[in-house]
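These notes are about the structure you will find just below.
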Amino acid sequence: MQEVRVRFAPSPTGALHIGGLRTALYNYLLAKKFGGTMILRIEDTDQNRFVPGAEEFIIESLKWAGIVIDEGPVRQSERKPIYKEYVEQLLKAGHAYYAFDTTEELEAQRKANSAFQYDAKSRMSLNNSLSHPNFDLSKPYVIRFKVPENSIEVVVNDLIRGEVTFSSSQVDDKVLMKSDGMPTYHLANVVDDHLMKISHVIRGEEWLPSAPLHILLYRYFGWEDTMPRFAHLPLLLKPDGNGKLSKRDADKAGFPIFPLTWKDPNTNEVAIGYREAGYLPEAIINFLALLGWNPGTEQELFSMDELIDAFSIERIGKAGAKFDILKAQWFNQQYIKRNKAEVVEHLVKWFGKEKAEPVFEALKDRVTFVKDFQEQGKFFIERPTTKAEVNPVFFKKLLETLNEFPFKEAIDKAGAETGVKTGQMMKPLRITLTGGTTGPDLIKTMEILGADEVQKRIQYQLV
RNA sequence: GGCCCGUUCGUCUAUCGGUUAGGACACCAGAUUUUCAUUCUGGUAAGAGGGGUUCGACUCCCCUACGGGCUACCA
């Protein structure tokens with residue numbers, strides 16, 4: 001069997017977003033499932049949209065998520081001569097040609113005819129090496145793909161959608177190489193996937209319409225027999241209504257769109273990431289894996305290793321999935337409970353070494369995010385200043401019994417001796433100890449606080 | 001406009017011709033918890049519409065509707 005080699009190929013035009021992370025995840029799962037190789041390829045062929053820091057952000061995000069890169073990053077911008085060599089091969093074979101039309105000229109065409117397409121029908125009336133055999137290469141030019149004149153059927157055999165048939169007459173003469181000598185996505189993508197011996201191209205559904213162009217390129221390069229298998233993933237949709245999930249939708253619904261916090265170098269705008277918002281990578285991975293894929297069983301919780309084991313492309317769904325942040329939060333809760341050691345480590349900086357673990361035990365069922373521990377457990381390290389309506393007789397007695405008995409017995413004893421029902425005293429006692437009316441089990445709370453501290457807080461109410 | 005993809009509870013989904021259409025999140029109710037939360041138990045809730053094919057269709061085919069994607073010298 002052919003070695004499984006996949007690539008995650010983002011373009012560094014901004015921060016990696018959560019949908020991109022899912023694409024990376026599915027690639028990774030497939031690779032690891034078959035002991036294959038995961039390659040990171042940076043598709044930075046658009047010099048105008050390049051955003052500094054984006055590549056580092058992508059790498060850091062993958063690392064946080066637990067997606068391990070075996071090869072790369074490979075930067076396409078550093079491979080210019082390679083693409084040039086291959087596009088010349090196409091030129092020589094008559095499958096590509098030079099075009100000199102300016103942006104303005106093409107815009108005018110589109111304005112005049114909204115259905116305008118640079119293709120076999122229109123190319124002879126445009127300005128290119130086909131229509132003008134005496135062309136002059138000292139002028140700026142692009143190299144365009146020459147779609148065959150006679151219409152043929154191009155079948156994309158998609159692992160998720162089955163056979164999808166396109167007519168080559170719908171494919172236009174796409175630019176393969178831009179006037180700055182950089183390849184476009186289509187050229188670079190096909191050349192690199194071939195050169196890197198990619199076995200499976202797993203990418204977003206937005207690429208499906210250009211898949212026939214890619215197949216034609218493989219064909220004219222003579223690589224069709226080793227062409228990778230394609231799988232076009234359903235899109236991640238915004239939570240309400242329809243449409244592709246965007247940063248704006250996420251902001252509106254109040255959840256992060258990026259794995260990590262990102263400061264846009266152009267606008268200086270800061271967008272909080274999942275990591276900083278308190279999500280555990282395990283939760284995000286589990287959640288993302290199940291958005292569009294399912295194991296066919298009723299298991300919901302998966303570690304990365306379990307995902308690798310259970311994953312299969314066949315079980316990826318076809319329809320777009322709406323992003324439900326509530327479910328992500330539920331996963332987060334689950335993983336907080338499960339990842340005790342990791343969470344306790346976080347808690348040390350807030351509660352100290354001694355208290356970190358007991359605080360975890362007291363609050364673990366009450367929190368959604370790690371940072372919730374800090375807010376909900378504040379009173380463990382800070383004395384509340386709220387005044388409670390206390391029964392002084394009972395509280396004074398409690399001060400005494402606390403010297404001799406464990407907390408539960410001390411309360412019972414003090415209640416019995418003063419004739420106060422303990423039930424009535426729980427609320428004021430809670431306010432006394434925590435400053436609030438809700439919280440974890442009071443006895444447990446007292447144990448964490450310690451008898452000394454409990455007595456001090458009670459005394460505060462009596463003065 | 002053209003091309004392509006999609007459509008099961010509010011959401012993520014199971015079902016690969018015969019099921020009381022299952023699970024999870026969310027929601028509601030009850031139980032436990034001398035608070036709240038947790039936990040447990042139970043509940044509400046779905047095959048876009050219309051034609052076929054078939055003994056039988058959520059499942060296969062066609063049409064319609066709706067939604068989405070693409071249609072750049074962006075990826």
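Side chains are part of it too, since the values below use all heavy atoms of this structure and drop only hydrogens, waters and symmetry mates. Sequence lines set the chain letters: A, B, ... in the order given, protein chains first and strands last, and positions in each chain run from 1.
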Query raised in the report: For B:U39, does either OP1 or OP2 sit under 4.0 Å from a side-chain N or O belonging to A:Lys337?
Result: yes
Requested in this report: Nearest whole angstrom, please: distance from the P of B:C5 to the CG of A:Leu237.
Outcome: 18 Å
Query - Cationic N near anionic O, under 4.0 Å, A:Lys408 to A:Asp412 - result: yes
Requested in this report: Please work out if A:Arg161 contacts a base, only the sugar-phosphate, or nothing of the nucleic acid, heavy-atom cut-off 4.0 Å.
Outcome: sugar-phosphate
Query raised in the report: When all nucleic acid strands are considered with a 4.0 Å heavy-atom cut-off, which category describes A:Ser179: base, sugar-phosphate, or nothing?
Result: base
Requested in this report: Both distances under 3.5 Å, Watson-Crick or G-U wobble: report the partner of B:C74, or none.
Outcome: none
Query raised in the report: What integer distance in Å separates A:Asn48:CG from B:C73:P?
Result: 13 Å
Report task. Just name whichever nucleotide pairs with B:A21, Watson-Crick or G-U, keeping both distances under 3.5 Å, else none. Result -> none
Query raised in the report: Does B:A29 have a Watson-Crick or wobble mate here (both distances under 3.5 Å), and if so which one?
Result: B:U41
Requested in this report: Let me know the distance between CD of A:Gln424 and P of B:U35, rounded to the nearest Å.
Outcome: 14 Å
Query raised in the report: Taking atom P in both B:G51 and B:C28, what distance in whole Å separates the two?
Result: 40 Å
Query raised in the report: Quantified in whole Å, what is the C1' atom distance between nucleotide B:U15 and nucleotide B:A21?
Result: 8 Å
Report task. For B:A48 versus B:C40, give the span between their P atoms, rounded off to a whole number of Å. Result -> 33 Å
Requested in this report: Using a 4.0 Å heavy-atom cut-off across all strands, classify A:Ser167 as base, sugar-phosphate, or nothing.
Outcome: nothing
Query raised in the report: Touch check for A:Asp44, heavy atoms < 4.0 angstrom, all strands: base, sugar-phosphate only, or nothing?
Result: nothing
Requested in this report: Check the distance between B:G69's P and A:Glu206's CD and give it to me in whole angstrom.
Outcome: 10 Å
Query raised in the report: How far, in whole Å, is B:C5 from B:A46 if one measures between their C1' atoms?
Result: 23 Å
Report task. Using a strict 4.0 Å threshold on nitrogen-to-oxygen distance, state whether A:Arg383 and A:Glu453 make a salt bridge. Result -> yes
Query raised in the report: Expressed in whole Å, how much space separates the C1' atoms belonging to B:C66 and B:A29?
Result: 36 Å
Report task. Could you tell me whether A:Phe258 and A:Tyr274 have their ring centroids closer than 6.0 angstrom? Result -> no
Query raised in the report: Do the side-chain N or O atoms of A:Ser11 get closer than 4.0 angstrom to the phosphate oxygens (OP1, OP2) of B:C74?
Result: no
**Report entry** A:Asn294 CG - B:A14 P separation (whole Å)
**Finding:** 4 Å
Query raised in the report: Under a 4.0 Å N-O cut-off, is there an ion pair linking A:Lys444 with A:Glu447?
Result: no
Query raised in the report: Within the pair A:Arg315 and B:U15, is there a side-chain N or O less than 4.0 Å away from OP1 or OP2?
Result: yes
Report task. Have a look at A:Lys427 and say if it touches a base, only the backbone sugar-phosphate, or nothing, with a 4.0 Å heavy-atom cut-off. Result -> nothing
Query - Geometric cation-pi criterion A:Lys387 and A:Tyr460, 6.0 Å radius, 45° cone - result: yes
**Report entry** Whole-Å gap separating P (B:U13) and CG (A:Leu236)
**Finding:** 9 Å
**Report entry** Centroid-centroid distance, A:Trp207 to A:Tyr185, less than 6.0 Å
**Finding:** yes
Requested in this report: For A:Leu363, answer base if it contacts any base atom (sugar-phosphate contacts may also be present), sugar-phosphate if it contacts only those atoms, and nothing otherwise; contact means non-hydrogen atoms under 4.0 Å.
Outcome: nothing
Query raised in the report: Taking atom C1' in both B:C58 and B:G6, what distance in whole Å separates the two?
Result: 16 Å
Query raised in the report: Checking all strands, does A:Lys244 fall into the base, sugar-phosphate, or nothing category for heavy-atom contacts under 4.0 angstrom?
Result: sugar-phosphate
Query raised in the report: Relative to the 5' end of RNA chain B, which residue comes earlier, A:Gly292 or A:Gln76, by the nucleotide with the nearest heavy atom?
Result: A:Gly292
Query raised in the report: Reckon A:Asp441 touches a base, only the sugar-phosphate, or nothing at all at heavy-atom distances under 4.0 Å?
Result: base
Requested in this report: Take atom CZ of A:Phe145 and atom P of B:C73, then tell me their distance rounded to the nearest Å.
Outcome: 16 Å
Requested in this report: Just call it for A:Thr165: base, sugar-phosphate, or nothing, with non-hydrogen atoms closer than 4.0 Å on any strand.
Outcome: sugar-phosphate
Query raised in the report: Can a donor-acceptor pair under 3.5 Å be found between the side-chain atoms of A:Ser210 and the base atoms of B:C70?
Result: no
Report summary line: Assign each of A:Trp293 and A:Glu205 the nucleotide of RNA chain B bearing its closest heavy atom; nearer the 5' end lies the nucleotide of A:Glu205
Query raised in the report: With ring centroids as reference points, do A:Tyr97 and A:Phe135 lie under 6.0 angstrom apart?
Result: no
Requested in this report: Please work out if A:Phe287 contacts a base, only the sugar-phosphate, or nothing of the nucleic acid, heavy-atom cut-off 4.0 Å.
Outcome: nothing
Query raised in the report: When the P atoms of B:G43 and B:C25 are considered, how many whole Å apart are they?
Result: 15 Å
Query raised in the report: Looking across every strand, which nucleic acid part, if any, lies under 4.0 Å from A:Val142 by heavy atom: base, sugar-phosphate, or nothing?
Result: base
**Report entry** Phosphate OP1/OP2 of B:U71 contacted by A:Lys174 side-chain N/O (<4.0 Å)
**Finding:** no
Requested in this report: Any strand is fair game: report the nucleotide pairing with B:A57 by Watson-Crick or G-U wobble, both distances under 3.5 Å, or none.
Outcome: none
Query raised in the report: Between the base of B:A24 and the side chain of A:Lys327, is there a donor-acceptor distance below 3.5 Å?
Result: yes
Report task. Select base, sugar-phosphate, or nothing to describe what A:Pro440 touches, counting heavy atoms under 4.0 Å on all strands. Result -> base
Requested in this report: Taking only Lys NZ, Arg NE, NH1 and NH2, and the carboxylate oxygens of Asp or Glu, determine whether A:Asp324 and A:Lys327 approach each other closer than 4.0 Å.
Outcome: no
Report task. Just name whichever nucleotide pairs with B:G6, Watson-Crick or G-U, keeping both distances under 3.5 Å, else none. Result -> B:C66
Report task. Sticking with atom P, work out how far B:U19 lies from B:U39, rounded to a whole angstrom. Result -> 35 Å
Report task. Record whether the side chain of A:Arg49 comes under 3.5 Å of the base of B:C74 through a donor-acceptor pair of N or O atoms. Result -> yes
**Report entry** Electrostatic pair A:Asp172-A:Arg144, nearest N-O below 4.0 angstrom
**Finding:** no
